[in-house]
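Order of the sequence lines fixes the chain letters, A, B, ..., with proteins taken first and strands second; residue numbering starts at 1 for each chain.
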There are 2 protein chains.
Amino acid sequence: MCAEYATRPREQIAQILRSERRYLSAAEVFQALQRARARVSLSTVYRTLDRLRAKGEASSRIDEQGEATYVICTTSHHHHAICRVCGHVEEVACDPMERFTEALKAYHGFELDAHAMEFFGRCARCR
Amino acid sequence: MCAEYATRPREQIAQILRSERRYLSAAEVFQALQRARARVSLSTVYRTLDRLRAKGEASSRIDEQGEATYVICTTSHHHHAICRVCGHVEEVACDPMERFTEALKAYHGFELDAHAMEFFGRCARCR
DNA sequence: TATAATTTGCGAATCATTGGCAGAACCATG
DNA sequence: CATGGTTCTGCCAATGATTCGCAAATTATA
């Protein structure tokens, strides 16, 4: 009980996320599937994206229009630099956070246990 | 043309945001208004919150359930440390970002022009 | 191939948010 | 303090992303 099946739709969805290194909404993934002649329902796209996020294989963010978007992650703890031009996502390590954590506690009395960051600009190729 | 009226509903909504220093959804603001016997429609709450954000007097974030939430801001460019216990929002300056910006460019070739950060933990009172 | 568990597709339901519009509130002016 | 043009508000319907329920299809295993 509670095993896990490797299915065609899941592989097709993961494929699309792997090939595009940028945040995609469920609708965008669905459109990409249709272009690739893959017959996967929108429901399955939603379920699979959420499943990838739950497993830590993808991370999600809410875009300006309030839609959930997803991107495949390769390293564990990091943040995203998002290119304004092409949407490319660069993974950024966050080693300097330790010092910041100390300052936050000393100055605001605030004990940090998690953080989220997003950086916007132009990636190397788009500059 | 294009003047701006000071109205009762707007003042009542701002009052609630000022008294609670934490992120509130439109529905939560609406409920607080009802508790205070203020008769303001949910539509007006939505419009007023969006207006405050557009004027830079409030900042918004999408919470875990995908709902838009709002908090009053007092300083200009800063980030938020959000207490996991009481929801209190602490404003944090971000002076150290300049050095980070340089590193990002040198290491990833990424030219930063904006960033967003959120910090989660326990505020001074809740520790 | 038969069987049990898991996943999918479809359509309906949900729910926050937005839009349209008629009436109410606001405020500068006479 | 009455008037009139502008700006807001309330109501209610519409939108649109996301979720749910369930029967049929797919997968793994023997």
Enquirer: Rounded off to whole Å, could you give me the OH-to-P distance for the Tyr70(B) and dA16(C) pair?
Expert: 14 Å

Enquirer: Which of these nucleotides, dT7(C), dT9(D), dT18(D), is closest to any side-chain atom of Arg10(A)?
Expert: dT7(C)

Enquirer: From CD1 of Ile13(A) over to C1' of dT7(C), roughly how many Å is that when rounded to an integer?
Expert: 11 Å

Enquirer: State, yes or no, whether a side-chain contact exists between Val92(A) and His108(B) at a heavy-atom distance under 4.5 Å.
Expert: yes

Enquirer: Can you spot which of Ile13(B), Leu42(B), Ile16(B), Val40(B) makes a side chain to side chain contact (heavy atoms under 4.5 Å, CB included) with Phe30(B)?
Expert: Leu42(B)

Enquirer: In terms of the angle between their ring planes, are His115(B) and His79(B) parallel, tilted or perpendicular, with boundaries placed at 30° and 60°?
Expert: tilted

Enquirer: Using a heavy-atom distance cut-off of less than 4.0 Å, which residues of residues 42-56 of chain B contact DNA chain D?
Expert: Ser43(B), Thr44(B), Arg47(B)

Enquirer: Got a sec? Which of residues 27-41 of chain B come in under 4.0 Å of DNA chain D, heavy atoms?
Expert: Arg39(B), Val40(B), Ser41(B)

Enquirer: What I'd like to find out is whether the side chain of Arg61(B) reaches to under 4.5 Å of the side chain of Ile82(B), using heavy atoms alone.
Expert: yes

Enquirer: Could you tell me which non-hydrogen atom of Gly121(A) sits nearest to which non-hydrogen atom of Asp113(B), and how far apart they are?
Expert: CA-OD2, 3.4 Å

Enquirer: If you compare all heavy atoms of Cys123(B) against all heavy atoms of Phe110(A), which two are closest, and at what distance to 0.1 Å?
Expert: CA-CD1, 3.7 Å

Enquirer: Starting the side chain at C-beta, find the nucleotide from dT8(C), dT9(D), dT17(C) nearest to Thr7(A).
Expert: dT8(C)

Enquirer: Check whether any side-chain heavy atom of Cys73(B) sits under 4.5 Å from a side-chain heavy atom of Glu91(B), and report yes or no.
Expert: yes

Enquirer: Decide if atom CZ of Arg39(B) counts as having more than 12 heavy atoms of other residues, nucleotides or ligands within a radius under 6.0 Å.
Expert: no

Enquirer: Rounded to the nearest Å, what distance is computed from the CD atom of residue Glu11(A) to the P atom of nucleotide dT27(D)?
Expert: 12 Å

Enquirer: Provide the closest heavy-atom pair for Cys86(A) versus Cys83(A) in the form atom of the first, atom of the second, distance.
Expert: N-SG, 3.5 Å

Enquirer: Quick one: the side chain of Tyr5(B) and the base of dA25(C), do they pair up donor-acceptor inside 3.5 Å?
Expert: no

Enquirer: Between Glu67(B) and Pro9(B), which residue's closest nucleotide on DNA chain C lies nearer the 5′ terminus?
Expert: Glu67(B)

Enquirer: What's the closest nucleotide to the Arg8(A) side chain, out of dT27(D), dT18(D), dT9(D)?
Expert: dT27(D)

Enquirer: From the list dT7(C), dT17(C), dC8(D), which nucleotide is the closest neighbour of the side chain of Glu4(B)?
Expert: dC8(D)

